[in-house]
Structures are given as C-alpha cells and as structure tokens.
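Working notes, structure below.
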Amino acid sequence: MGLSSILCTLNGQHLYACWLILFGFLLDLADGAVARQLNACSALGAKLDDFADFTTFGIATSLLLQAHGILSSVFIICYVMAVFIRLCFFSSGIPFVYRGLPCPYASVVLSSTFVLTGGNCFFLHVAAVVMILFMTDQGNYPHDRILETQLWKKTVYIGETAVQARKHATYPPSECQVS
C-alpha cells in the first residue's frame, strides 16, 4: 500500500494516497493478528514488517505534508526520522505496551487530517508536530493485541472509513448524458 500511495502522491492524487495509507493501516493490523494466530512469527517477518511500516507510515505519509521550500523539507525529514526512531526503539519491555505512539497510528491521524481538511497545510503541519512529539515520547501506549479484542472499535472504524470514502468519492462524468 505504501508504494501505491507514494505513486498516487507523486501523480497529484493526494486523496487516493490518503485512502491507501488508511487501508494499509487496516492491513498492518490484520497481518500482525494473522501471524500471531498462526504462530508464524519470525525475525525475517518482523524486519519485513518494519520495512513496510517505514514505507507506508513514514515515507508515504511524509509526502502528504507537501514540501514547499527548505523549511518544510526539513520538517518532513524530521517526521521521517521520528518514524525511523520509533521503529528502531519500539520495545518497552512491558507486555502489551508500546513505548511511544506507534507510527501507524500517527499516520492514520495525518491521513485523516488531510482528508477532513482537504489538504490544509497548516492543520497538517500542526498534526504532524503533535505526532512527532507522541512518537518520540517515552510514555506507554496499549498494544494492538488489546485493540484486536475489541471488535466494536474495528467495526466503527471500518464503517466511518466507508462513509468518508463514499462522501469524498468523485465520479467521472458519464459518456451517455441525457440532454
């Protein structure tokens, strides 16, 4: 999803890029749950998951921040580095707890901000600053395993995502228009 989102952003399709990031978030939750259920966890799988997370929730999300000069470019690099640091030092040593906000959640906040504000750079940058602070924070956050047990939260999230997708969908004009 990350590479597709990057391609959409580079082609000016920012809204599609946001939806791909949000869909990537759902797939990220699902792949972890499936791997744990099948007891198919491995060191290679963990490294590939980190690479996919960095691509989708680091690089693809940072492109939504739209660099317009040196200062905003440095800001985007700071966001990418916060994601990198978060992925490198994620272990809290406490079961079912993350240290620092996981980057997929930060990415969802930024993608949702983009969709809800129509890409307003001010709101995006404010949200990005807050997410950088939360990702590099040493506070503890609940693990996905706790969230996976709460089916109603997933149902609400998927329902809201579907409503927003339908609301913001643009349909091409029909070739058979009645005069």
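Distance check, rounded to the nearest 0.5 Å: CE of Met1 to SG of Cys8 gives 10.0 Å. Between Ser111 atom OG and Leu15 atom CG the span is 10.5 Å, to the nearest 0.5 Å. Interatomic distance, Ile21 CD1 to Ile6 CD1, rounded to the nearest 0.5 Å: 8.5 Å. Leu101 CG to Ser107 OG: the interatomic distance, rounded to the nearest 0.5 Å, is 10.5 Å.
The minimum heavy-atom distance between Ser72 and Gln66, with the atom names listed, is OG-O, 4.4 Å. The heavy-atom pair separating Ala60 from Gly2 by the smallest distance is CB-O, 3.8 Å. Between Cys103 and Leu87, the shortest heavy-atom distance links the atoms SG-CD2, 3.7 Å. Smallest separation of non-hydrogen atoms from Ser42 and Gly45: OG-N, 3.0 Å. The two residues Thr117 and Thr113 have their closest heavy-atom pair at OG1-O, 2.7 Å. In terms of heavy atoms, Leu64 sits closest to Leu124 at O-CD1, 3.6 Å.
Every residue two or more places apart in sequence or in another chain that forms a side chain to side chain contact (heavy atoms under 4.5 Å, CB included) with Ile77 is listed here: Met81. Listed by chain and residue number, nothing satisfies the side chain to side chain contact (heavy atoms under 4.5 Å, CB included) test with Leu71 (two or more places apart in sequence, or in another chain). Listed by chain and residue number, Leu20 satisfy the side chain to side chain contact (heavy atoms under 4.5 Å, CB included) test with Ser4 (two or more places apart in sequence, or in another chain). Tyr79 is linked by a ring-ring contact (aromatic ring centres under 6.0 Å, His included) to nothing, counting only residues two or more places apart in sequence or in another chain. Residues passing the side chain to side chain donor-acceptor pair (under 3.5 Å) test with Ser5, sequence neighbours excluded: none. Asp137 pairs by the side chain to side chain contact (heavy atoms under 4.5 Å, CB included) definition with Tyr141, not counting sequence neighbours.
For the ring pair (Phe, Tyr, Trp, His ring centres under 6.0 Å) condition, the pairs that include at least one residue of residues 33-77, sequence neighbours left out, are Phe75-His125. The side chain to side chain donor-acceptor pair (under 3.5 Å) contacts involving residues 47-56 comprise nothing, where partners must be two or more places apart or lie in separate chains.
Cluster membership check: Leu3 shares its hydrophobic cluster with Leu110, using side-chain heavy-atom separations under 4.5 Å among Ile, Leu, Val, Met, Phe, Trp and Tyr. Follow the hydrophobic side-chain contacts under 4.5 Å out from Leu7 and you never reach Leu65; the two are in separate clusters. Under a hydrophobic clustering in which Ile, Leu, Val, Met, Phe, Trp and Tyr are joined whenever their side-chain heavy atoms come within less than 4.5 Å, directly or via other members, Leu22 and Leu26 fall into the same cluster.
Other residues sharing a hydrophobic cluster with Val74 under the 4.5 Å side-chain heavy-atom criterion for ILVMFWY residues are Ile70. The hydrophobic cluster containing Val34 also includes Leu38, under a criterion of side-chain heavy atoms closer than 4.5 Å among ILVMFWY residues, counted directly or through chains of members.
The main-chain N or O of Thr136 is never found under 3.5 Å from a side-chain atom of Arg86 such that the two would form a donor-acceptor pair. At distances below 3.5 Å, not a single donor-acceptor pair connects side-chain atoms of Asn11 with backbone N or O atoms of Gln13.
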Using a 3.5 Å cut-off and no angle test, enumerate the donor-acceptor pairs between side-chain atoms of residues 128-135 and protein atoms at least two apart in sequence or in another chain.
none

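Taking 4.5 Å as the limit, some side-chain heavy atom of Phe25 sits within range of a side-chain heavy atom of Tyr105.
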